[in-house]
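Here's the structure, in structure tokens; my notes come after.
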Amino acid sequence: MVEVVFDILTHDPDCAARRGRLVTAHGTVETPVFMPVGTQATVKSLTPDELQSLGAQILLGNSYHLHMRPGADRIGRLGGLHAFMQWPRAILTDSGGFQVFSLARINQIEEAGVTFQSHIDGSRHLISPETAVQIQLQLGSDIAMVFDECNSYPVSYQYAQESMQRTVRWAARSKAAREHGDQALFGIVQGSVFVDLRKACLEQLEAIGFDGYALGSLSVGEPKEEMLTVLGTITPLMPVSRPRYLMGVGTPEDLVEGVRAGIDLFDCVMPTRNARNGMLFTAHGSIQIKNSAYADDDGPIEEGCACYTCQRFSRAYLRHLFVARELLAYRLNTLHNLHYYLQLMAAMREALEHGRFEGWRRAFLKARQR
RNA sequence: GGAGAGGUACCCGAGUGGCCAAAGGGAGCAGACUGUAAAUCUGCCGGCGAAGCCUUCGGAGGUUCGAAUCCUCCCCUCUCCA
């Protein structure tokens, strides 16, 4: 089997950004990259063919949700997640660590792992570092994440420290549990907004040794300044030769700042969820398509946008579909937003290739002032 | 012609002496959303506004300290009988 290999093609001369290439058994991923979120073995409302047409190179799947339904063992029997959902390109799976945060009301954290009370039927399930690795092995993702605890914000220094240390212990157990070298395993740096905890966590994870390193528990409610401080301080300390993944982030601006700090992989539900909630991204900021201002607007979401939606449909039509709760609204909006996100990443990769990322970034920020 | 039911805010619809500027829906308007329990959630929704004040429950009178609610007359709608 082919191991996941990461090469850096160019470093930007003016900042920490880099243009890289991640080779997986399911294709090459050009970085920096945005991974659309396909929690339940689907990027909501789109087909795999549409995702490929949009230029998606790698998707994110979720261990917790697929374990609960339909079951990772079942997906394994059915040929793995790629075959199951008919996605031929790369997949990264989250370990369920985010659900420790998002489903905090129905779980209990212990040293052994986290006991979830299923949000589907109330039954109890222990997810441990070992089971999280096992689940992801059954899913057959190209990149697996260690089982961690995603912290909420704010948390006390003491809790952040205890949680971080437990996440490190869990990371070591995850590494020990991994059997196959053809599935990459990434460690996750925790420590909330406390930079010294983040540094200590990263050092310990490096000592264990992972194929890539991620920043977790960011954009969970902390002030943007805090997020940028952690991002700007910790990212440069992460191993240069390994892929760096900023988990769950973020807005278009966040992606640009992340790339600038040296991040290679991103994922976020924002383009897909917000699309379903009527918020559409453009170079000049976002719009709420349901606003009455668009009722008679015969122009596209964004002038010059090459996406399917903008090539054919007016804002007035999209507003109508959304207000009428027509299913097509969710699809068309999602197509546009993902196109925007993926094109944004492609534009950054191109700027990096030409060594002019900073100039590109200034133009990006200027356009959003309008 | 007779018997009965009913007219409440943009629409539907609760309320039948004070806790009512009036429940609840819907529509409308706006906002939020960051490793997805999300096609979800939140706010506003008579007027001016900080408190507060003003106008409002088909119309006009009346009873009462106080009326969407009780009384009188009028207008209109619906159902059944002839």
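Numbered from 1 within each chain, the chains take letters A, B, ... in sequence-line order.
Heavy atoms of Met145(A) sit nowhere under 4.0 angstrom from any nucleic acid atom. As judged by a 4.0 angstrom heavy-atom cut-off over every strand, Ile188(A) is placed among the base-contacting residues. Within the 4.0 angstrom heavy-atom criterion, only backbone atoms of the sugar-phosphate kind lie near Leu60(A); the bases stay farther away. Counting any heavy atom pair closer than 4.0 Å across all strands shown, Asp267(A) reaches sugar-phosphate atoms only and no base atom. Among the heavy atoms of the strands, none lies under 4.0 Å from Gln136(A).
Comparing A14(B) with G62(B), their P atoms are spaced 31 Å from each other, to the whole Å. When the C1' atom is used for both U55(B) and G49(B), the distance is 15 Å, rounded to whole Å. Between G1(B) and U56(B), the two C1' atoms lie 38 Å apart (nearest whole Å). Taking atom P in both G28(B) and C81(B), the straight-line distance is 41 Å, to the nearest Å. Rounded to whole Å, the separation between the P atoms of A60(B) and U8(B) comes to 16 Å. Nucleotides G25(B) and C44(B) have their P atoms positioned 13 Å apart, rounded to a whole Å. A gap of 8 Å separates the C1' atoms of C45(B) and C29(B), to the nearest Å.
Taken to the nearest 0.5 Å, the CG atom of Asp94(A) stands 7.0 Å off from the CD atom of Gln136(A). Residue Thr24(A) holds its OG1 atom at 9.5 Å from CD1 of Ile91(A), rounded to the nearest 0.5 Å.
Ranked by how close their nearest RNA chain B nucleotide is to the 5' end, Cys150(A) and Arg276(A) are led by Cys150(A).
Note on Gln288(A): every side-chain N or O is 4.0 Å or more away from OP1 and OP2 of C33(B). Dashed line: the shortest gap from a side-chain N or O of Asn277(A) to OP1 or OP2 of A39(B) is not under 4.0 Å. Note on Gln99(A): every side-chain N or O is 4.0 Å or more away from OP1 and OP2 of G35(B).
Pairs of residues two or more places apart, or lying in two chains, never qualify as ring pair (Phe, Tyr, Trp, His ring centres under 6.0 Å) while including a residue from residues 230-257 of chain A. Applying the ring pair (Phe, Tyr, Trp, His ring centres under 6.0 Å) definition to pairs two or more places apart or across chains, those involving residues 325-348 of chain A are Phe34(A)-Tyr341(A), Phe281(A)-Tyr341(A). Pairs engaging residues 40-57 of chain A under the salt bridge (Lys or Arg N to Asp or Glu O under 4.0 Å) rule: Glu50(A)-Arg331(A) [sequence neighbours left out].
Side-chain atoms of Phe194(A) and Arg198(A), non-hydrogen and from C-beta on, never get closer than 4.5 Å to each other. The closest side-chain heavy-atom distance from Leu255(A) to Met345(A) is below 4.5 Å.
The existence of a salt bridge linking Arg178(A) and Asp211(A) is confirmed by a sub-4.0 Å separation between a basic side-chain nitrogen and an acidic carboxylate oxygen.
Listed here is the closest heavy atom pair of Ser128(A) and Phe147(A): C-CD2, 3.9 Å.
The aromatic ring centres of Tyr213(A) and Phe186(A) sit 6.0 Å or more apart.
Residues of residues 219-228 of chain A that place a heavy atom closer than 4.0 Å to RNA chain B, in numerical order, are Ser219(A), Lys224(A). Listed by residue number, the members of residues 250-259 of chain A with any heavy atom below 4.0 angstrom from RNA chain B are Gly250(A), Thr251(A), Asp254(A). RNA chain B is contacted by Leu327(A), Tyr330(A) of residues 327-347 of chain A, taking any non-hydrogen atom closer than 4.0 Å. Residues from residues 37-46 of chain A that place a heavy atom under 4.0 Å from any atom of RNA chain B, listed by number: Val37(A), Thr39(A), Lys44(A).
Not counting sequence neighbours, the partners of Lys224(A) by the salt bridge (charged side-chain N to carboxylate O under 4.0 Å, His left out) test are Asp254(A).
Applying the side chain to side chain contact (heavy atoms under 4.5 Å, CB included) test between Tyr64(A) and each of Val114(A), Ile127(A), Thr39(A), Thr93(A) identifies Ile127(A) as the sole match.
Between the NE2 atom of His125(A) and the P atom of A37(B) there is a distance of 16 Å, given to the nearest Å. Atom CZ in Phe281(A) sits roughly 12 Å away from atom C1' in A32(B) (whole-Å rounding). Spacing between atom CZ of Phe98(A) and atom P of U36(B) amounts to 6 Å, rounded to whole angstrom units. The distance from atom CZ of Phe322(A) to atom P of C33(B) is 15 Å, rounded to the nearest whole Å. The CG-C1' distance, from Asn274(A) to U42(B), rounds to 15 Å in whole Å. Here A37(B) presents its P atom at 8 Å from OH of Tyr64(A), a figure rounded to the nearest Å. The distance between atom CE of Met35(A) and atom P of U36(B), rounded to the nearest whole Å, is 10 Å.
Counting non-hydrogen atoms of other residues, nucleotides and ligands closer than 6.0 Å to CZ of Arg124(A) gives a total of 12 or fewer.
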Can you give me every donor-acceptor pair (side chain of residues 292-301 of chain A, partner residue at least two apart or in another chain, under 3.5 Å) with its distance?
unit_1: Asp297(A); atom_1: OD1; unit_2: Gly299(A); atom_2: N; d: 2.9
unit_1: Asp297(A); atom_1: OD2; unit_2: Arg315(A); atom_2: NH1; d: 3.1

Taking distance alone, no hydrogens or angles, what donor-acceptor pairs closer than 3.5 Å link side-chain atoms of residues 161-171 of chain A to residues at least two apart or in another chain?
unit_1: Glu162(A); atom_1: OE2; unit_2: Gln158(A); atom_2: NE2; d: 3.0
unit_1: Ser163(A); atom_1: OG; unit_2: Glu149(A); atom_2: OE1; d: 2.8
unit_1: Ser163(A); atom_1: OG; unit_2: Asn151(A); atom_2: ND2; d: 3.1
unit_1: Arg166(A); atom_1: NH2; unit_2: Glu149(A); atom_2: OE1; d: 2.8
unit_1: Thr167(A); atom_1: OG1; unit_2: Glu149(A); atom_2: N; d: 3.2
unit_1: Thr167(A); atom_1: OG1; unit_2: Ser163(A); atom_2: O; d: 3.3
unit_1: Arg169(A); atom_1: NE; unit_2: Glu111(A); atom_2: OE2; d: 2.8
unit_1: Arg169(A); atom_1: NH2; unit_2: Glu111(A); atom_2: OE1; d: 2.9
unit_1: Trp170(A); atom_1: NE1; unit_2: Glu111(A); atom_2: O; d: 2.8

When the side chains of residues 258-265 of chain A are checked against the rest of the protein, which donor-acceptor pairs come out under 3.5 Å, sequence neighbours left out?
unit_1: Arg260(A); atom_1: NE; unit_2: Glu358(A); atom_2: OE2; d: 2.9
unit_1: Asp264(A); atom_1: OD1; unit_2: Arg18(A); atom_2: NE; d: 2.9
unit_1: Asp264(A); atom_1: OD2; unit_2: Arg18(A); atom_2: NE; d: 3.2
unit_1: Asp264(A); atom_1: OD2; unit_2: Arg18(A); atom_2: NH2; d: 2.7
unit_1: Asp264(A); atom_1: OD2; unit_2: Arg244(A); atom_2: N; d: 2.8

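Linking ILVMFWY residues whenever their side-chain heavy atoms come closer than 4.5 Å, directly or via other members, places Tyr157(A) and Val195(A) in the same cluster.
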Please tabulate the protein-to-nucleotide N/O contacts below 3.5 Å involving nucleotides 26-29 of chain B, giving atom names and distances.
unit_1: C29(B); atom_1: OP1; unit_2: Arg319(A); atom_2: NH2; d: 3.0
unit_1: C29(B); atom_1: OP2; unit_2: Arg319(A); atom_2: NH2; d: 3.4

Please walk me through it: do Glu30(A) and Arg19(A) pass salt bridge (Lys or Arg N to Asp or Glu O under 4.0 Å)?
CA-CA 8 Å; Glu30(A) 305 292 341; Arg19(A) 168 80 178 83; 2.7 Å; yes

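Taking 3.5 Å as the limit, the base of G35(B) and the side chain of Asp148(A) contain a donor-acceptor pair of atoms between them.
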